[in-house]
Amino acid sequence: MKIAVLSRNPRLYSTSRLVEAGQERGHEMVVIDTLRAYMNIASHKPQIHYRGEPLEGFDAVIPRIGASVTFYGCAVLRQFEMMGVFPLNESVAISRSRDKLRSLQLLSRRGVGLPVTGFAHSPDDVPDLIQMVNGAPLIIKLLEGTQGIGVVMCETQQAAESVIEAFMGLKQNIMVQEYIKEAGGADIRCFVIGDKVIAAIKRQAKPGEFRSNLHRGGSASLIKITPEERMTAIRAAKIMGLSVAGVDILRSNHGPLVMEVNSSPGLGGIENTTGKDVAGLVIQYLEKNVSPHRTRTKGQG
Ligand code: ADP
């Protein structure tokens, strides 16, 4: 197969591992800088140009679209879909997953366990919003945040009101969430490919921190997940329409709660902790599923 990897940087761990795994399995791998691909959207024959040449002959595309380039990256991916190239994850599913609130609404509609979460626009509604999520301590999240930045814990009602008002004053969209204390600063990252969790790790926050993000100094270790956690992760990815996803789960007193479904999950933490060839499994998934013009939405979403 000829496989495009949409990525801003070929030296990133995940990108280079996917290229290596594809080449090992005899495929032609081409890294395309997402922001340097350009296209004629009005043409009868959809095309993408790159460094002065049209991109041709691709069987599959692996999107590794960073949060900061979601809009343009999804447009490029949609163009690949219109050309009949098989996407590992579809553009519609990726843009859906990048909206944290929409994602939680989709998951809750299908009965997936989630932390109690509230959302409001007017500062006048803040006190009631806080009551709605069972009061302090609580978590406030910027909707556009990633890697734990913009996730704040407020221990008292007063602190929560001040922080929410400050974010609202800055015209930032936020959500307010119950704090899952019993998770003990840990979460579980389940790496889903197709209808399987192929690897899972536990991420533990450093002492004095509640955010377990590896970027915030968290540490990763092996974990055996329960059948309920496995089923929850697979369902969450499926509801989001993602073939490959990193599903982040909190262990609560009343079962697994999904925090987030990530459409470009990093390979570094999971491969290094589990020793599994996750990149190879991603390529194998493409080998089994690739076929031209198979995108459900044909880039129309
Ligand atoms: P980001 O997308 O920026 O990583 P997350 O929503 O994943 O933001 O939150 C970052 C970290 O904060 C999580 O990995 C988890 O450890 C912790 N966290 C987030 N929400 C909660 C919550 N409701 N209760 C307890 N811990 C939480």
Side-chain angles (χ1 to χ4, degrees), residues 14 65-70 94-108 112-119 129-130 132-156 159-160 163-164 167 172-192 200-221 223 225 229 232-233 236-237 240 242 245-266 268-270 273:
S14 302
I65 298 171
S68 59
V69 299
T70 299
I94 295 174
S95 41
R96 196 187 280 148
S97 76
R98 291 289 158 87
D99 179 338
K100 290 191 187 195
L101 192 64
R102 185 174 175 202
S103 303
L104 294 185
Q105 286 174 323
L106 286 168
L107 295 169
S108 84
V112 173
L114 304 171
V116 178
T117 304
F119 182 68
L129 182 72
I130 292 175
M132 220 170 75
V133 302
N134 305 327
L138 52 75
I139 303 280
I140 297 168
K141 293 185 192 184
L142 280 179
L143 287 198
E144 284 83 27
T146 56
Q147 301 179 347
I149 295 169
V151 179
V152 183
M153 176 164 48
C154 296
E155 310 233 21
T156 66
V163 173
I164 295 171
F167 277 138
Q172 291 293 326
N173 283 318
I174 50 159
M175 60 192 189
V176 180
Q177 203 163 65
E178 75 174 310
Y179 173 51
I180 309 300
K181 186 162 182 281
E182 62 271 25
D187 72 354
I188 300 170
R189 158 59 61 97
C190 297
F191 202 105
V192 178
I201 52 172
K202 174 176 163 179
R203 298 179 301 192
Q204 179 69 52
K206 63 183 182 193
E209 171 65 76
F210 73 97
R211 295 168 300 178
S212 59
N213 304 70
L214 302 183
H215 289 95
R216 304 266 75 74
S219 55
S221 59
I223 190 169
I225 58 171
E229 288 162 351
T232 301
M240 298 302 297
L242 293 165
V247 181
D248 295 342
I249 287 178
L250 290 170
R251 274 187 174 166
S252 83
N253 291 337
H254 47 286
L257 303 178
V258 172
M259 217 171 20
E260 192 166 26
V261 184
N262 195 311
S263 55
S264 282
I270 200 114
T273 308

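Both ligands and their constituent atoms are indexed starting at 1 by order of listing.
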Q: Does K100 reach ligand 1, in the sense of a heavy atom lying below 4.0 Å from it?
A: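 Right, K100 reaches ligand 1.
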
Q: So is M153 close enough to ligand 1, meaning a heavy atom under 4.0 angstrom away?
A: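 For ligand 1, residue contact (heavy atoms, under 4.0 Å) with M153 is absent.
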
Q: Which atoms from ligand 1 have a heavy atom of G148 less than 4.0 Å away?
A: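 Once the distances to G148 are compared, the set is 1 (P), 3 (O), 4 (O).
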
Q: Taking all non-hydrogen atoms of both residues into account, name the closest pair between A233 and V247 and its distance.
A: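 What the structure gives for the nearest pair is O-CG2, 3.6 Å.
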
Q: Is it true that A205 lies under 4.0 Å from ligand 1, counting heavy atoms only?
A: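 The answer is no, since A205 has no heavy atom less than 4.0 Å from ligand 1.
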
Q: Side chain, backbone, both or neither: which part of M259 has a heavy atom under 4.0 Å from ligand 1?
A: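 The side chain, only.
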
Q: Got an N/O contact under 3.5 Å between L250 and ligand 1?
A: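 No, there is no polar N/O contact under 3.5 Å.
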
Q: Out of N213, T273, D248, which one pairs with R203 under the side chain to side chain contact (heavy atoms under 4.5 Å, CB included) rule?
A: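 Looking at N213, T273, D248, the match for R203 under the side chain to side chain contact (heavy atoms under 4.5 Å, CB included) is D248.
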
Q: Does E260 approach ligand 1 within less than 4.0 angstrom via side chain, backbone, both or neither, non-hydrogen atoms only?
A: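 For E260, only side-chain atoms sit under 4.0 Å from ligand 1.
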
Q: Can you sort out which atoms of ligand 1 are near Y179, meaning under 4.0 Å from one of its heavy atoms?
A: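 Those atoms are 24 (N), 25 (C).
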
Q: Are a donor atom and an acceptor atom from the side chains of Q204 and S219 found within less than 3.5 Å of each other?
A: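 Checked: Q204/S219 side chains show no N/O donor-acceptor pair below 3.5 Å.
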
Q: Taking all non-hydrogen atoms of both residues into account, name the closest pair between L143 and F119 and its distance.
A: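 Scanning both residues completely, I find the closest heavy atoms to be CD1-CE1, 3.8 Å.
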
Q: Given that the side chain starts at C-beta and the backbone is N, CA, C, O, which of these parts of I180 lies under 4.0 Å from ligand 1, counting heavy atoms, or is it both or neither?
A: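 The part of I180 near ligand 1 is both the backbone and the side chain.
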
Q: One residue to check: K141. Relative to ligand 1, which of side chain, backbone, both or neither has a non-hydrogen atom less than 4.0 Å away?
A: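 Just the side chain.
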
